[in-house]
Amino acid sequence: MQSSTDAQSKPVLIVGAGPTGLCLALWLNRLGISFRIIDQASGPGTTSRAIICHARTLEMYQSLGIAEDMISHGSKLQNVTIAQQGQIRGSLKFGNIGTGLSPFPFILSLPQDIHERVLLDHLQRAGVTIERNTTLESLKQHDDGVTARVCGPHSDHEDISASYVAGCDGARSTVRKSCGIKFEGGTYEQKFFVSDVNATGHIPTGDVNIFASGRNFCIAIPLPGEKRYRVLGLVPEGVKDGDLKFSDVQPAVEDNTRLGITAVNWFSTYSVHHRVASQFREHNVFLLGDAAHVHSPVGGQGMNTGLGDAANLAWKLASCLKGTTDPKILDTYHQERAAFATELVNSTDRIFTLVQARSFLGTVARSFMLPYVLPIAFKLPWIPTFAFKKNSQIQISYPQSDLSTGNGAGCRLPWVETGESDNYKSLEDSRWVMHVYGEASDEVATLASESYIPLHRYAWSDHVSKAGLVRDSVYLVRPDGYVGYLGTDPGELGDYLKRWTVPEQK
Ligand SMILES: Cc1cc2nc3c(=O)[nH]c(=O)nc-3n(C[C@H](O)[C@H](O)[C@H](O)COP(=O)(O)OP(=O)(O)OC[C@H]3O[C@@H](n4cnc5c(N)ncnc54)[C@H](O)[C@@H]3O)c2cc1C
Ligand SMILES: *[C@@H]1O[C@H](CO)[C@@H](O)[C@H](O)[C@H]1NC(C)=O
Ligand SMILES: *[C@@H]1O[C@H](CO)[C@@H](O)[C@H](O)[C@H]1NC(C)=O
Ligand SMILES: *[C@@H]1O[C@H](CO)[C@@H](O)[C@H](O)[C@H]1NC(C)=O
Ligand SMILES: *[C@@H]1O[C@H](CO)[C@@H](O)[C@H](O)[C@H]1NC(C)=O
């Protein structure tokens, strides 16, 4: 049970209750670590913002026991059309494009406000209260912890002590600024708009409809209800800066989509940034989510990356607080997540720069590559598979991490069906597990039982081999589903277990 309203100090303070902070709270609760979670806003977000939930996120949600609930609130992305001036030029079939690669072989479309509500629901059921109207003002670090000064509904200045602070406070992070951590990168000149409109006229019937032309780019997504759409895109060239209204983008939207807009329910514009924090950890303070990295919405990676940060940090904090692991484990949070974020910001930057470019190349990309080449390419079976692997975040891997020992370690445990079930079933406890596909030696079995780590043995088969698993090797899987040790040397395995794992007698 968790009661966060008392002033007593807790080992962890989570600053920010956006998707990243909420997800971290669920993990810590699951791992038996108590915490406080504060947010300056009076309530949860009410706008849709991120709309894509990727397979890797759902896999991690499965370990938290909330994947099915999340899926029931969204819909599987079936198809995307590409159109010009109201005419369909091509369509891309999605559906189960990742069959055989993940227990969730699809892209889930789920607006961020609903996503956050599902996370909140589960926290509420666990008895966790979010302290709202509570703003972090500054942080001070000392040898054995952190003191956070907050301004809340009951007092202008409360000092909260915690062993660790998790900064999940978004792109303008006070946590990041208090630590003097740099947030380098830049801001694109081109502005984006998002709106929720009622419209008449004929619109292509894809789950997502992309309208690309020589000059413009916008996307229309049908919303529940008659003739309601989310329309988002680039603010067209030549539109005045400053206080934009929907009427400023309306002519370009109507020309591009051939829709007649009859009502505007919500309209917002935003600038897109590409920045990565220079450090994700400063002593006992950590940065997660938008506080650590921001980039263009290409591929719908932003929110998912924050959720991945939370899954990566939670069990490491828990191991340290339980006091049995080498505290250097906390360094691996930056090693693993900053490397991924930097690569992601760079790759989305390249694509985004092209899509928004006013140059000849940008025009060719929008008016020819996107509508004519992509739909044909997507009919080749390996292209959708490639796109799924790249986008779903299942290929994230940490080979350079101090936590990865052995050739091939650091990857996500490859998923494989095993008879009636699959090899992810054993990950649902969110603790270390050992897998062997083929024969496990007696020495390995002894090491597993001495360290109270469950050993799962799976029969070797062609099917297992095709999934990319190595015969007779030991897969020591971390609580977040990544392979820590991979190999066959009992000596090496024994050293690894001693240094990093937390024995949990059951
Ligand atoms: C208009 C808009 C459209 C977007 N569209 C997309 C999209 O299409 N696809 C996509 O992937 N992403 C999109 N994003 C980005 C996506 O919303 C973010 O990546 C995601 O919300 C990040 O989650 P987070 O929890 O890290 O941060 P946030 O959601 O920003 O949450 C931070 C929380 O911290 C709180 N907070 C901030 N400062 C303090 C403080 N000092 N003290 C206490 N609390 C504090 C805030 O109130 C907030 O609740 C969009 C964002 C916006 C604004
Ligand atoms: C937060 O503040 C708003 C007004 O600023 C108020 O309506 C709301 O009740 C407050 N919520 C809490 C939990 O204190
Ligand atoms: C897209 O899928 C929906 C059902 O999910 C279907 O009604 C629609 O016709 C499809 N559109 C295209 C362009 O394939
Ligand atoms: C917009 O559409 C929604 C759902 O179809 C409807 O409830 C609402 O009344 C419409 N708004 C206007 C201003 O027509
Ligand atoms: C990303 O881009 C920056 C700046 O252009 C560069 O310094 C960095 O090496 C790149 N990193 C990766 C992983 O590509």
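All values derive from a computational prediction rather than experimental measurement. When a ligand or atom number is given, it counts from 1 through the structure's own listing order.
Comparing heavy-atom distances from atom 37 (C) of ligand 1 across T305, L307, T348, D169 singles out D169 as nearest. Across the listed options M303, Q112, R49, Q112 owns the non-hydrogen atom lying nearest to atom 21 (O) of ligand 1. Comparing F192, F193, Y270 by heavy-atom distance to atom 1 (C) of ligand 1, the nearest is Y270. Distances from atom 9 (O) of ligand 3 to the heavy atoms of N209, T205, L92 put T205 nearest. Here atom 2 (O) of ligand 4 lies nearest to N198 when heavy atoms of T262, N198, V197, N265 are compared. Residue nearest to atom 42 (N) of ligand 1, selected from L136, V272, I130: L136 (by heavy-atom distance). One option in N79, I88, L77 has a heavy atom closer to atom 3 (C) of ligand 3 than any other, and that option is N79.
Considering backbone and side-chain atoms together, Q78 places no N or O closer than 3.5 Å to any N or O of ligand 3. Taking only nitrogen or oxygen atoms, main chain and side chain alike, W266 does not reach within less than 3.5 Å of ligand 1. For ligand 1, the polar-atom distance check finds no N/O of G21 at less than 3.5 Å from any of the ligand's N/O atoms. Residue E116 has no nitrogen or oxygen atom sitting less than 3.5 Å from a nitrogen or oxygen atom of ligand 1, judged on distance alone. Ligand 1 has no N or O atom lying under 3.5 Å from any N or O atom of T135, backbone or side chain. Backbone and side-chain nitrogen or oxygen atoms of P19 are examined, and one is located within less than 3.5 angstrom of a nitrogen or oxygen of ligand 1.
The nearest heavy-atom contact from the protein to atom 30 (O) of ligand 1 is G170 CA, 3.6 Å.
Annotation for ligand 3: atoms under 4.0 Å from non-hydrogen atoms of T81 are 13 (C). Taking every non-hydrogen atom of G16 and a distance limit under 4.0 Å, the qualifying atoms of ligand 1 come out as 33 (C), 34 (O), 35 (C).
When non-hydrogen atoms are compared, ligand 1 lies under 4.0 Å from the backbone of T134 (N, CA, C, O) but not from its side chain. The proximity of T20 to ligand 1, defined as any non-hydrogen pair under 4.0 Å, involves the side chain as well as the backbone. If you look at C168 next to ligand 1, the close heavy atoms, those under 4.0 Å, all belong to the backbone.
Pairing each heavy atom of A291 with each of A277, the nearest pair is O-CB, 4.4 Å.
The shortest heavy-atom distance from L232 to ligand 1 is not under 4.0 Å. Using a 4.0 Å heavy-atom cutoff, G289 is listed among the residues neighbouring ligand 1.
Under the 30°/60° scheme for interplanar angles, the aromatic rings of H295 and H293 are found to lie parallel.
A distance-only check finds no donor-acceptor pair linking the side chain of H273 to the backbone of T187 [under 3.5 Å].
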